[in-house]
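First listed ligand is number 1; within each ligand, the first listed atom is number 1.
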Amino acid sequence: MKIGGFQKLSLIDYPGKISCIVFTIGCNFRCPYCYVPQLVLPEKIKKLKEVPVAEIFSFLQKNKGLNEAVVITGGEPTIHPDLPEFIRRVKAMGYSVALETNGTNFRMLKNLVEEKLVDYVELDIKNKLDFEKYNLTVGGVLTEKMFENIKKSIKLLLEGKIAYEFRTTLVKEFHRVEDIVEIAKAIKGGKIYYLQNFRPDVEVVGGKRFTPMDEETLKEIVKKASNFVRVVRR
Ligand code: SF4
């Protein structure tokens with residue numbers, strides 16, 4: 001597995017636990033507003049210094065008991081076929097594992113859930129479940145197969161066999177109030193739906209400027225989406 005970053009301490013990324021964060025390299029999407037171009041764009045990945053897997057396991061070994069959980073994010077972690085093996089080793093050390101994913105690798109996600117290798121899943125829903133709109137939001141690389149997998153991943157989490165959250169980053173250029181309400185309807189009855197507003201102060205994959213939602217629109221979104229699912233702003 002290729003790892004491009006390792007944050008040794010976080011108090012906010014795993015619900016209720018002290019965690020560390022592993023950032024995997026590479027992604028099958030190109031969301032133009034993505035905050036981590038260094039983990040997504042091949043020309044930037046080339047300049048990135050990989051974190052040796054051994055270094056992470058050495059840290060985990062030394063910090064057992066202090067640190068309780070490992071959050072795996074990216075990039076898109078599930079593009080790495082050896083992710084389950086990596087997680088198996090982490091779990092064997094007694095850590096809880098959270099996985100952040102875009103849901104395109106349904107088969108791997110399902111296996112991870114069924115094998116109880118992950119304890120918490122954070123599924124990033126990019127837009128309402130309309131192929132054209134979704135494709136635009138992920139940079140024009142969406143395939144029918146990926147799209148079907150995303151829908152299946154949402155359904156899997158809604159079955160409630162594992163702790164999870166849904167989330168969406170709100171960007172004015174890609175989302176209208178109705179789009180987010182449509183997402184809320186699609187995850188009706190789900191445990192929790194986090195909405196995070198776009199941060200305009202960072203370099204993004206698309207190399208352009210994008211706009212966060214204004215406060216009034218945000219409030220309207222939260223009010224309308226809350227008719228279907230518990231919505232929390234981040
Ligand atoms: S925001 Fe999009 S491009 Fe960036 S890591 Fe997530 S899925 Fe990949």
Do Y14 and Y95 have their ring centres less than 6.0 Å from each other?
no

In K172, K128, K126, the residue satisfying salt bridge (Lys or Arg N to Asp or Glu O under 4.0 Å) with D179 is K128

Applying a heavy-atom distance cut-off of 4.0 Å, which protein residues contact ligand 1?
C27, F29, C31, C34, V40, G75, N102, K126

Mind checking ring-ring contact (aromatic ring centres under 6.0 Å, His included) for F23 and listing every partner two or more places apart, or none if nothing turns up?
none

By ring-ring contact (aromatic ring centres under 6.0 Å, His included) - contacts of F166 (at least two apart):
Y164

Ring pair (Phe, Tyr, Trp, His ring centres under 6.0 Å) contacts in which one or both residues fall within residues 174-207, not counting sequence neighbours
Y33-F174, Y35-F198, F174-F210

Quiz question: by atom type and distance under 3.5 Å, do the side chains of N28 and N102 form a donor-acceptor pair?
yes

